[in-house]
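Just so we're clear, the structure is a prediction, and the values are computed from it rather than from any experiment. Below, each value reflects all heavy atoms present in this structure, side chains not excepted, and no hydrogens, waters or symmetry copies.
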Amino acid sequence: MRYRLLGPLQIWRGGVELRLGGPRQRALLAALALHANETVSFEHLSEAVWESPPAAPESNIRTYVAALRKLVQDDLVTVPGGYRLKVPPEDIDAGVFEQLCAAADEALKQGDHLAAVEKYGEALALWRGPALDGLTVGARLAAELTLLQERRLTVAEQHARLAIELGRGERLIAELRRLTAQFPLREQLWLQLMHALHRAGRPAEALQTFEDVRVLLAEELGTDPGPELRELHERLLRGDEPRPALNTLPRDVADFTGRAAEIARLTRAVTGQSAVVISAIDGMPGVGKTTLAVHLAHRLEFPDGQLFIDLHAHTAGRAPVEPTDALDVLLRALGLDDIPDGLDERAAMWRAELSRRRLLVVLDNAASADQVRPLLPGVPGSLVLVTSRTRLVELEGTSTLTLDVLSEAEALQLFATIVGDDRGADEAAREVVELCGRLPLAVRLAAGRLRSRPTWTTAHLATRLREGRLSELDAVFALSFGQLPSGHQRLFGLLGLHHGTDFDVDQAAALGELDLLECDGMLEDLVDVHLLEATTVGRYRMHDLLRQYAQSQVDSPREPLTRLLDHFLDTANQATRLLSPAARRYEVDITYRPASRLVLRDYDHAVEWLETERQTLVAAVALSLEGGWHTHTWQLARAMTYFCMVRGHTRDWATINELALKAAEGNPAALAITTKNYAMVFWQTAQYPKAIHHNERAIEMLRELGDLQGVAGTLNNLSLVYRSIGRNAEAAELLEQAITVARELGDRHLESQAMSNVSNIYSAAGRYDEALRACTSALALMRELGSRRDEADTQSALGMILHAMGRHDEALEALTSALAAVRAIGDVTTETVVLNYLGEVLIAAGRPAEAEASLREALELAERIDDPREAANAHKHLARAVADPAEAERHRREADARFAALGTG
């Protein structure tokens, strides 16, 4: 069954749309689908279905439910207190929308703007019109639809900002015109439309757009356009190049309460200052530092945007972010790609960018002044908000604000807002907030507990807190924890051991050794009592303070952590087997193999899982090494190597293999395999002497072990290094050895790879007929074996052989096919190579404008994945493609410098 809410309500079964009943029945189904896998009460349903609910709506609701069951069958179940629609999140378009948005948010946080744009674009493409278009609904459902529509528009604005920043704004102009017509008072949409028009070389239309919105706002509201629109208008009149504003802030808290004095003080610090403005907010854990900084950042207007980065000073299982890495994230968030390696160089680039922009930057969860200092601007104009548990007195020129607990009035207001009924204003509420120490996190948890227990009184809650006889915060945690069944208590404690920032039900089930369905229900129960937060559909996270409390409930962590590492290793190995034919012989050493084991369906599912869990998996490699699970360390690194190589995650690729080398000490087979994999990192990053050393060492070790297949594969890899530095004769000799061994072993996949590489050697030597025969044979074998990446790579080699033979049309056809193939499988590493090849052939075919577009994309990708070889090639070809002589000369000089640094020509 598939449920479609983002447009007219539809249900599909097996490709057939089902006929729905009347408007009340459809509204009931919509209310259940919007809260899929949650219990929806009779009260909620009555307020969702009727504008004015009847006196006794239960019988009507049961009638509608009975009719719906004929359609949705076992998806709809009766549970205590109401009903639940049990549907996989991927079968509801609204759930998929949130998953894609969460993936885009994470990509944006990591500075991967290209991935963020693509995910936001996929999310927006799910909308077929207004949510539940044409359906009459009650007040509660109408309110939820308003929030959903707001989320859609916020995503549309963010998507437009990033797309324009990446030079993709022109294709959004028609959509932005439609959205501004549909939501004419949404100034951010008008702003992005003006940016897109200007970037597309249509400044007159951009100026007319400003006039259109000016007239509209004057007629509708009697106001002028806001400051961002006016500033952009002035820039256009002056002929300045405008920049789209960025915003990577987390969402503001809807029920933010109090802190008026603190907000006023911080706001005063921003205005009327001629110096650099840095405000540091410090305070105890749970006092609301991040919440205040984010809330304030949303209120303040900065024309070039707002950036947020978590420096992870106190995140369990993570080391604080190094300033060098933080600068990499911030600079990439600004759309920059050619980022230097050193801290001083990155800090200088960051200060130079801030000197040209007015930005608000939130540096959250800082460890020390030393961590923050390189991230600060050098000239006035921008604002930096820093949060930390410690007062950063060493940070020069900083105004500090120590955040205390809430005042009594503020704590009572927050408590009442969350409880949501008359109990929030009860006289006993005063005692509750005092027992919580007026700490915002504790007040939220206590209020959430009362809200989820409609039979409790506030006095009863106060009594339970008082009898806890623990510290204020622990008393609140213990209150929620103590009410849990023993199985829930055990799971909550084990979840505190999880080392990632968030997790899914499969990981939780592994920790608890639970059935998936049972575990899913327990996780939702923990969300209901505010001991977990549901970050998106099917994913959860735990506050750092709760994590510490949870860990205190666990006596023996090793066994559950072993199960979790087994789960990661098993699933990562499955994924690699789906991605690479060579990995199908990998075996792993695990003991936890549950009946409800996560099974990856296909290539795309494997890539999706690996991308989602990438940071957690890298952290798992480190955790396994630190905890003595050394077999898990090197086998996890082996399982992730192909994925990191294909997807361009070069830094992660290096990190996991560095850790694996330490774990492999004393294990000759593990050391040989890891050395072989690590050698490819050095080839990818053009560190050729190290690549040769590690490959030769791996060959020696593999020969001693009698692993002829490993030897042949490493000979093939070493040939790539020699070919990269122009030592083609040595490369050819290595390939002949590799082909001989592969044929003796009957390894047709390895044979096809080596034959493809031989064709490149023949082509470089001008032996085009031999190259064509070798390449064609390799391609046929790869197609037979179903090796998608190798086939695309060889298809691109075929294109360059045809190009060298002067058969440019055939070459373009082969390269276009290769490009489509690598994009279909998400292989950004090979995509970079193919784009460079395509640009080179387009130049030869007399199509420089098309060549330039392809080469600029190749350069952008090469910089993003840290591929210095392809970046140099892109500059070399751009020098021939661009029309402007000065720019051509700049690319020529850049190419010469980069090739000199690589030691190649």
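A 4.5 Å side-chain heavy-atom check between L526 and Y540 finds every atom pair outside the cut-off. A 4.5 Å side-chain heavy-atom check between T612 and D504 finds every atom pair outside the cut-off. Taking 4.5 Å as the limit, every side-chain heavy atom of H295 sits out of range of all side-chain heavy atoms of R259. A heavy-atom distance below 4.5 Å is not found between the side chains of P89 and V96. In this structure, the side chains of H498 and L511 come closer than 4.5 Å at one or more pairs of heavy atoms. Within the 4.5 Å cutoff, the side chain of R186 has heavy atoms near those of the L153 side chain. Using a 4.5 Å heavy-atom cutoff, the side chains of L392 and T398 are not in contact. Using a 4.5 Å heavy-atom cutoff, the side chains of T248 and Q306 are not in contact.
Distance alone, capped at 3.5 Å, is enough to place a donor-acceptor pair between the D515 side chain and the E518 backbone. No donor-acceptor pair under 3.5 Å is formed between the side chain of R541 and the backbone N or O of F503. Using modelled atom types, one side-chain atom of R451 and one backbone atom of I418 make a donor-acceptor pair closer than 3.5 Å. Between the R84 side chain and the V77 main chain, no donor and acceptor come within less than 3.5 Å of each other. Distance alone, capped at 3.5 Å, is enough to place a donor-acceptor pair between the D93 side chain and the L5 backbone.
Under the side chain to side chain contact (heavy atoms under 4.5 Å, CB included) rule, L363 has a single partner from V384, L385, V321, which is V384. Partner L311 forms a side chain to side chain contact (heavy atoms under 4.5 Å, CB included) with one of L375, V386, T387 and no other, that one being L375. Remark: of the listed residues L85, L29, D75, L29 is the sole one forming a side chain to side chain contact (heavy atoms under 4.5 Å, CB included) with L68.
Classification of D105 and R539 as a salt-bridged pair fails, no side-chain N sitting under 4.0 Å from a carboxylate O. R438 has no carboxylate O lying under 4.0 Å from a charged side-chain N of E410, or vice versa, which leaves the two without a salt bridge.
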Exercise for the section: Starting from the C-alpha separation in whole Å, work towards a yes-or-no answer on side-chain contact (heavy atoms from CB on, under 4.5 Å) for L360 and V362. Expected result: CA-CA 7 Å; L360 187 154; V362 178; 3.7 Å; yes

Problem - side-chain hydrogen bond (donor to acceptor under 3.5 Å, both in side chains) assessment of Q507 paired with E613 - result: CA-CA 11 Å; Q507 295 161 39; E613 305 298 347; 3.0 Å; yes

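At a cut-off of 3.5 Å, with distance as the only test, a side-chain donor of E228 or Q188 sits close to an acceptor on the other residue.
Note on ring orientation: taking the six-membered ring where Trp is involved, the planes of H44 and H35 are perpendicular (angle over 60°, cut-offs 30° and 60°).
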